[in-house]
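One structure is given here, and the rest of the page talks about it.
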Amino acid sequence: MLVVVTDPTPDDTAAQAVQVARLYYHQGLTTDAIARELGLSRPKVSRLLTLARRTGLVEIRIHDPQAGPQSLEAQLRARYPFLTPQVVSVPPGSPESAWLDRVAVAAARHLGQLLRPGQTVGLAWGTTVDAVSRALTPRPLEGLQVVQLNGSANALDFLSGFVTDTITRFAANYGARAHLFPVPTFFDDPATRAAMWRERSVRHVLDLQERADVLLYSVGAASAQVPSHVYAAGYLDETDLDQLRAQGVAGDIATVFFRGDGSFAGLPINARSSGPDLGLTRRAQHAICVASGLGKVDALRAALAGELMTTLIIDESTARSLLNA
């Protein structure tokens, strides 16, 4: 709470009201203490405080830490009517890594309230979704299935287990069955992907993806301070990145890339990607994007332009930048 005491125009009563207000609000004295110090009665002190408030000599402003996120949510709903936003408050001056922690916890709570027995959850692996997986609260859900949305096979992740650990952690938390997708993240030749997609074991995973009730993902961005895993883990070389920039690519969802206007059709790299057609984010009942960090603002704006989500869970600093830019 901020109290502003304004100096009055020359007037004995107003001047006395300001004197009382400064002692009460700035120095924290009680009305009894003020009465003793100024030689006034306590009722007189109370009347002077009332006068100061009524005449505008004292202005009280309440800074509600929740009002910022609520205002940002309202602005996001107004700008994107299809969107259900959840803006997470973060400590002033905190680093982006702390924002991600807060957003991951909020996303984990949202999932805990949303998920039901028998549902299918599609997960696009990455730094943000991994953080969410570590913030989950155990809650067994009968018949829940967790399916990986994009392949992860490259030399690094075969050794690190980053992707499989994320998916299996989600499944273990809910007592769910995990359906991994052990295909390359990017194929060298689109024809190889087309042939692979005809295999029955692969078609089983693709069918589960298409039927998913809930999708959980973030937007990838090469410029993020907390790097998106697909950019930081060697999936793309400099030639790939140069081509993406030349084609106006703003980011990716599940290693499927989209332009600044949210469109994704016709990008050559998507013909080699193992991720789903991003129309899936428009068909799913719940398409939840979790995003944190100023480096993701451009990618988020593009994804929202394409209506590639139904729910956005975001920290207040990133949300403010998204709205202001």
Side-chain angles (χ1 to χ4, degrees), residues 1-79 83-113 131-132 134-137 225-226 290-294 296-297 311-325:
M1 181 176 73
L2 174 66
V3 179
V4 179
V5 181
T6 306
D7 288 325
T9 55
D11 178 283
D12 288 345
T13 302
Q16 197 170 41
V18 168
Q19 184 181 24
V20 167
R22 289 189 187 281
L23 293 171
Y24 184 79
Y25 290 109
H26 288 179
Q27 297 186 30
L29 272 64
T30 65
T31 54
D32 280 337
I34 295 169
R36 288 193 302 271
E37 181 170 327
L38 300 181
L40 303 172
S41 67
R42 197 170 71 174
K44 174 69 170 178
V45 171
S46 296
R47 287 195 297 271
L48 288 168
L49 285 172
T50 301
L51 174 69
R53 290 192 295 268
R54 189 178 68 243
T55 58
L57 296 172
V58 167
E59 180 184 358
I60 300 175
R61 303 171 189 164
I62 298 175
H63 295 284
D64 181 355
Q66 297 303 315
Q70 290 169 1
S71 173
L72 293 169
E73 287 172 1
Q75 293 176 65
L76 286 167
R77 282 192 294 269
R79 185 172 298 184
L83 185 68
T84 300
Q86 181 180 345
V87 177
V88 181
S89 63
V90 294
S94 56
E96 288 197 3
S97 58
W99 306 355
L100 176 58
D101 291 342
R102 291 283 186 99
V103 168
V105 169
R109 288 176 181 165
H110 182 76
L111 286 173
Q113 297 168 358
V132 176
R134 297 174 186 277
L136 296 170
T137 300
Q225 183 175 328
V226 179
V290 184
S292 179
L294 301 182
K296 292 196 172 187
V297 168
T311 300
L312 173 61
I313 302 175
I314 185 173
D315 68 86
E316 62 179 316
S317 298
T318 305
R320 190 172 292 109
S321 182
L322 174 64
L323 286 163
N324 290 342

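Throughout, numbering of the chain's residues begins at 1 and tracks the sequence.
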Flag side-chain contact, heavy atom, 4.5 Å: [X] against [Y]:
X	Y	answer
T318	L294	yes
L76	L323	yes
L51	V20	no
R102	S292	no
E96	L100	no

- [ ] Applying side-chain contact (heavy atoms from CB on, under 4.5 Å), run through K44 and L38 and close with a yes or a no.
- [x] CA-CA 11 Å; K44 174 69 170 178; L38 300 181; over 6 Å; no
Any side-chain to backbone donor/acceptor pair from [X] onto [Y]? Under 3.5 Å, distance only.
X	Y	value
R320	L72	no
E73	V87	yes
W99	S94	yes

TODO: Quick one: closest heavy-atom pair of E37 and L23, and the distance?
DONE: OE2-CD2, 4.0 Å
Open item on the list: My understanding is that only residues two or more places apart in sequence, or in another chain, count here; which of them pass salt bridge (Lys or Arg N to Asp or Glu O under 4.0 Å) with R53?
Closed with: none
Contacts table for residues 104-113: side-chain donor-acceptor under 3.5 angstrom, sequence neighbours left out:
none

Task: R77, CZ: over 12 other non-hydrogen atoms inside 6.0 angstrom - done: yes
